[in-house]
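Values below: every heavy atom of this structure, side chains too, minus hydrogens, waters and symmetry copies. Lettering of chains follows the sequences in order, A, B, ..., and the numbering in each one begins at 1.
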Amino acid sequence: MTDSSRYRPQVIEERWQQRWHSQSLDLTPELDTSDLASAAKAEPYYALSMFPYPSGSLHMGHVRNYVITDVIARVQRLRGRAVLHPMGWDAFGLPAENAAIERGVDPGAWTDQNIAQMREQLKRLGLSIDWDREVATCHADYYRWTQWLFLQFLEAGLAYRSEATVNWDPIDQTVLANEQVDGEGRSWRSGALVEKRKLRQWFLKITAYADQLLDDLPKLQGWPERVRTMQANWIGRSHGAELRFEVVDASGAGSGQQITVFTTRPDTVFGVSYVVLAPEHPLVASLTGAEQQLQVEAFIDLVGRQSDQERTAEDSPKRGVPIGAQVRNPANGELVPLWIADYVLADYGTGAVMGVPAHDQRDFVFARQYELPVRQVIIPEGSDEHAYEGGAWTTAGVLIHSGEFNGLPSGEARERIIAAAESAGWGQGRVQFRLRDWLISRQRYWGCPIPVIHCEACGVVPVPAEQLPVELPKGMELAGKGGSPLAQLESWVSVACPCCGKSARRETDTMDTFMCSSWYYLRYSDPHNTSLPFSREAVDRWLPVDQYVGGIEHAILHLLYSRFFTKVLRDRGLLGFDEPFSRLLTQGMVQGITYKNPHSGKYIAPADVADPSDPRDPATGEVLDTFYEKMSKSKYNGVDPAAVIDRYGADTARMFILFKAPPEKDLEWDDADVEGQYRFLQRLWRLVDSALERGLSLSPRGASPAGGAEPPLSDGDQELRRAVHTAIAAISEDLDGDYQFNTAVSELMKLSNAMASHLETASEPVALEALRVLLVLLAPFAPHLAEELWQRLGANPDGDQGIHGQSWPEVDPAALRRDTVTVVIQVKGKVRGQLDVPADADAATLEKLVLASEVASKWLEGQAPRRVIVVPGKLVNLVP
RNA sequence: GGGGGCAUGGCGGAAGUGGUAGACGCAGCGCACUUAAAAUGCGCAGACGGCGACGUUGUGGGGGUUCAAGUCCCCCUGCCCCCACCA
């Protein structure tokens, strides 16, 4: 083999990337808007990957994400769609600011440098991305429109300021959204235990869209079920009632004050033994009796020092104190004591709960502890036993001890009691959501400034649209502590009020970066627009996104916020659809082989493990635990994409990632499997080499186009054509709908195996058809190799669009047809043999043929079968 | 506690509406080529029994429906993910 005919991915990949770039092959086609051209108009297709944070280095998770989207984009192009496949950067955020604090670098410069670095790494993957549409959320020409959109929310009454108890990260010195605090009460970024603080903060009223966000979930049939479920749980709608308990004094006289509770079980209102408030409830101070003062204050102090996680852990003891007041149960007039307790949350419902120990497990535990009465008011249907021994009876049943509602089933009682409360004025039905408004204020520098001005005379004044963007001041020295950096820059803060002209102060909070990422997919449709974030025309043409691809970690926040944005912007008339992403693919993570010393807990780099079949700690000789886990620096289990590309080329990396696991499953990185993929690509190279040696050419000036083979075809030709068209059918199906790239690649392997055995003896037209189809099918997966082989076969004259401008092949049903098929002979459902029969044999013929077979006579032993089941083309089951 | 998902060879994974379980690949074994090795090519390969043709068994466990079950139904076990004192 000569050197020039060796597969050298490093050479050919770089060459084709340059060529494609110079031919502008990846640019998004301009969509013709004129009606005249509509006949020729290609249908748009929008393939989108979740954009990365520009950390500076590409990791395998990125590679998997973008390769999947790239294959989808390339397939759609081959199918004649006008494809939008963009990329950008989620570029605001803490890492840049932290780098600035630690190393004194400029966050903008640091970010731009990272972007440049990652862009080059991405380009090496051969992604067909339209880089002319690149956006970075930290650039003023982008965040100008983030600000503009914020003002839309403000104008719509969907952005407001409110004093709120917020999560304060003592390390990053900033406020965090609930979603950025993990289950242990730690900051998602710094890992610090989050504290509580009261601050005035900006919120977006996502709760105003809670119903729509929930009710539209069933529309998203192209989303994974579990993502829809996660969102539904997160929104958490529950139906119940607000009931008002009047505060009464010792003599039973009403005070005029009321405690409003929220309950999903109004049917249990006759079982209330006490009413309990959150310690933070605003009425606690005024209602506390003189004798209880000290005790109550001590309790509130105690609860205040608990972390959220301590307080809300399910198994934590429920503690409380009576505050020395009592309330009247509006349903039965009974007086019950008023308590405060740590198990009641201030920010859910009304911050007050009616205690029904017989029918709520928490109330039950609480009542047992403080010897409060337990009165059963619901019994299991058809029983009158006390079913709550050892725990509360929390399921539905029939009412007792409930006055006029006795005997009603729970469901009906709920409606009747709510109706009674409404007509008597002590309550009403109410829907409650778990979802809270979105806290978007951040006391950080490296974010999008909130474009408002605070004027003593005019209040909160939006920055006029023509004055946008409110640019971040450059050249700031960031200390990393003491609250908002912007607040310390007097020259930036001090500004004239746009309304009255008097001196006023800029808002110094910046926005949660999720704001920036909630609309970037809209900007790609019209990235250079300088008068609007996007034109209605462009956004309605390209969106909704046909296929969105990204990690499951964004199942709730990013996707929910984006859906919220879309609905608000639709209501503002800025776009004409109400869900942004038609189909969603959540790809699994990439895991690396991980070695851990079970005793010391130390992770060992694979390179330091001498013998992987007997992994031992190089320092101590102890046997190591071996498993696969998400790649991370601290576990030394990462694989650098650049190193893989250097060694095997991008095509091998792409093929491996697509083949190794279905896209939504976790993928275990395995060097041996990477080698296997590399070998497969080399086999393809040699296959084309052997075709060249035979003088085959796909040049239009050469032999007649494939498919024109003269019948009758030889057996080998027939078999090869069958393999070719089976592959087209199978791969087309794998790429439709569920995206089974792994089986698509295996079909490519099967086709290549078939060609290895038949190509040499095949007639020229059949051989050429096979080569052409193989390469076009390969093109989305291994774009460089496919293009190179295409050219080597002479099919790529200058000025031609190359293999990526070809059309996806069509299945020729005639090629799949067979003269004979092999049917399975079963006896009583067990496979006992096979028989070749004419493909068009009908059931009766088939039965006759099988009954006459040796297999039948062997197993039936002369008996006539009692029953014969015939599945034409498949099997015959004989039941003796 | 609530919700969702998964369980198939040594490994990753295949198996339209029930119809030959284990495609494709990795690792492994044998053969060819080679002085040798690598690379490459060809072949074998769920387990058990048998020289073999073959037979038995087999998709986490137990039942069921069916001519036929990885696939449908019931029960159980294990693992993963999300939510969670949400009243």
K.L.:
Start at the 5' end of RNA chain B and walk down; is the nucleotide closest to A/Phe262 or to A/Ala756 reached first?
P.N.:
A/Ala756
K.L.:
Using the P atom in both, what is the distance from B/G70 to B/G18, to the nearest Å?
P.N.:
13 Å
K.L.:
Looking at A/Glu693 and A/Arg686, does any basic side-chain N land under 4.0 Å from a carboxylate oxygen?
P.N.:
no
K.L.:
Rounded to whole angstrom, note down the P distance from B/U17 over to B/U71.
P.N.:
13 Å
K.L.:
Answer yes or no: is there an ion pair linking A/Asp215 with A/Arg237, defined by an N-O contact shorter than 4.0 Å?
P.N.:
yes
K.L.:
Tell me whether the side-chain N/O atoms of A/Arg686 come closer than 4.0 Å to OP1 or OP2 in B/G41.
P.N.:
yes
K.L.:
What interatomic distance, in whole Å, is found between P of B/U8 and the corresponding atom of B/A45?
P.N.:
23 Å
K.L.:
Determine the interatomic distance between C1' on B/C11 and the same-named atom on B/C48; round to the nearest Å.
P.N.:
22 Å
K.L.:
Could you check whether A/Val879 gets within reach of a base, just the sugar-phosphate, or nothing at all, counting any heavy atom under 4.0 Å?
P.N.:
sugar-phosphate
K.L.:
With a 3.5 Å cut-off and heavy atoms only, can you find an N or O donor on one side and an acceptor on the other between the side chain of A/Arg436 and the base of B/C86?
P.N.:
yes
K.L.:
Could you tell me how far apart A/Lys828 (NZ) and B/U66 (P) are, to the nearest whole angstrom?
P.N.:
12 Å
K.L.:
Nearest-Å distance, CG (A/Leu217) to P (B/C83)?
P.N.:
16 Å
K.L.:
A/Asp689 CG to B/A39 P: how many Å, rounded?
P.N.:
20 Å
K.L.:
Expressed as a whole number of angstroms, how long is the span from A/Glu675:CD to B/U40:C1'?
P.N.:
14 Å
K.L.:
Between atom CD in A/Gln369 and atom P in B/C85, what is the gap in whole Å?
P.N.:
18 Å
K.L.:
Between A/Arg265 and B/A87, is there a contact of a side-chain N or O with OP1 or OP2 at under 4.0 Å?
P.N.:
no
K.L.:
For A/Thr394, is there any backbone N or O sitting under 3.5 Å from a side-chain donor or acceptor partner on A/Arg265?
P.N.:
yes
K.L.:
Classify the side-chain pair A/Ser410/A/Asp267 by whether it contains a donor and acceptor separated by less than 3.5 Å.
P.N.:
yes
K.L.:
Can the ring centres of A/Phe366 and A/Trp339 be said to be less than 6.0 Å apart?
P.N.:
yes
K.L.:
May I ask you to evaluate whether A/Tyr343 reaches the phosphate of B/A87, defined as a side-chain N or O under 4.0 Å from OP1 or OP2?
P.N.:
no
K.L.:
Could you tell me the separation between the CG atom of A/Leu560 and the C1' atom of B/C82, rounded to a whole number of Å?
P.N.:
14 Å
K.L.:
Could you state the interatomic distance from CG (A/Leu777) to CD1 (A/Ile731), rounded to the nearest 0.5 Å?
P.N.:
4.5 Å
K.L.:
Looking only at atom P, what distance separates B/G41 and B/G50, rounded to whole Å?
P.N.:
36 Å
K.L.:
Please encode protein proximity along nucleotides 13-24 of chain B as a string of B, S and -, counting only heavy-atom distances under 4.0 Å.
P.N.:
SSS---BB--BB
K.L.:
Taking the P atom of each, how far is B/A14 from B/A68, in whole Å?
P.N.:
29 Å
K.L.:
Under a 90° cut-off about 0 for the syn range, is B/G62 syn or anti?
P.N.:
anti
K.L.:
For B/G3, does either OP1 or OP2 sit under 4.0 Å from a side-chain N or O belonging to A/Arg434?
P.N.:
no
K.L.:
Does B/A87 have its OP1 or OP2 closer than 4.0 Å to a side-chain nitrogen or oxygen of A/Arg362?
P.N.:
no
K.L.:
Any chance you could encode RNA chain B as dot-bracket? Rule is Watson-Crick or G-U wobble with both distances under 3.5 Å; [ ] for pairs crossing earlier ones, | for another strand.
P.N.:
(((((((..(((......[....))).(((((.......))))).((((....))))..(((((..]....))))))))))))....
K.L.:
Determine the interatomic distance between P on B/G46 and the same-named atom on B/U40; round to the nearest Å.
P.N.:
24 Å
K.L.:
Can A/Lys750 and A/Glu747 be counted as an ion pair, charged N to O under 4.0 angstrom?
P.N.:
yes
K.L.:
Less than 4.5 Å apart, side chain to side chain, heavy atoms only: is that true for A/Leu277 and A/Ile340?
P.N.:
yes
K.L.:
Would you classify A/Gly676 as touching base, sugar-phosphate or nothing, given that sugar-phosphate means primed atoms plus P, OP1 and OP2, and contacts are heavy atoms under 4.0 Å?
P.N.:
sugar-phosphate
K.L.:
Do A/Arg867 side-chain atoms and A/Asn877 backbone N/O form a donor-acceptor pair below 3.5 Å?
P.N.:
no
K.L.:
Give one of base, sugar-phosphate or nothing for A/Arg832, where a contact means two heavy atoms less than 4.0 Å apart.
P.N.:
sugar-phosphate
K.L.:
Once you round it to whole Å, what is the distance between P of B/C82 and CD of A/Glu225?
P.N.:
17 Å
K.L.:
Any donor-acceptor pair under 3.5 Å linking the side chain of A/Asn637 with the backbone of A/Lys630?
P.N.:
yes
K.L.:
Taking only the side-chain nitrogens and oxygens of A/Arg679, find out if one of them lies under 4.0 Å from OP1 or OP2 of B/G25.
P.N.:
no
K.L.:
For the residue pair A/Phe656 and A/Tyr648, is the inter-centroid distance of their aromatic rings smaller than 6.0 Å?
P.N.:
no
K.L.:
In whole angstroms, how far is the P atom of B/U66 from the CZ atom of A/Arg867?
P.N.:
10 Å
K.L.:
Would you call A/Asp347 and A/Arg436 a salt bridge, taking side-chain N to carboxylate O under 4.0 Å as the test?
P.N.:
yes
K.L.:
Distance between the C1' atoms of B/G13 and B/C67, in whole angstroms?
P.N.:
31 Å
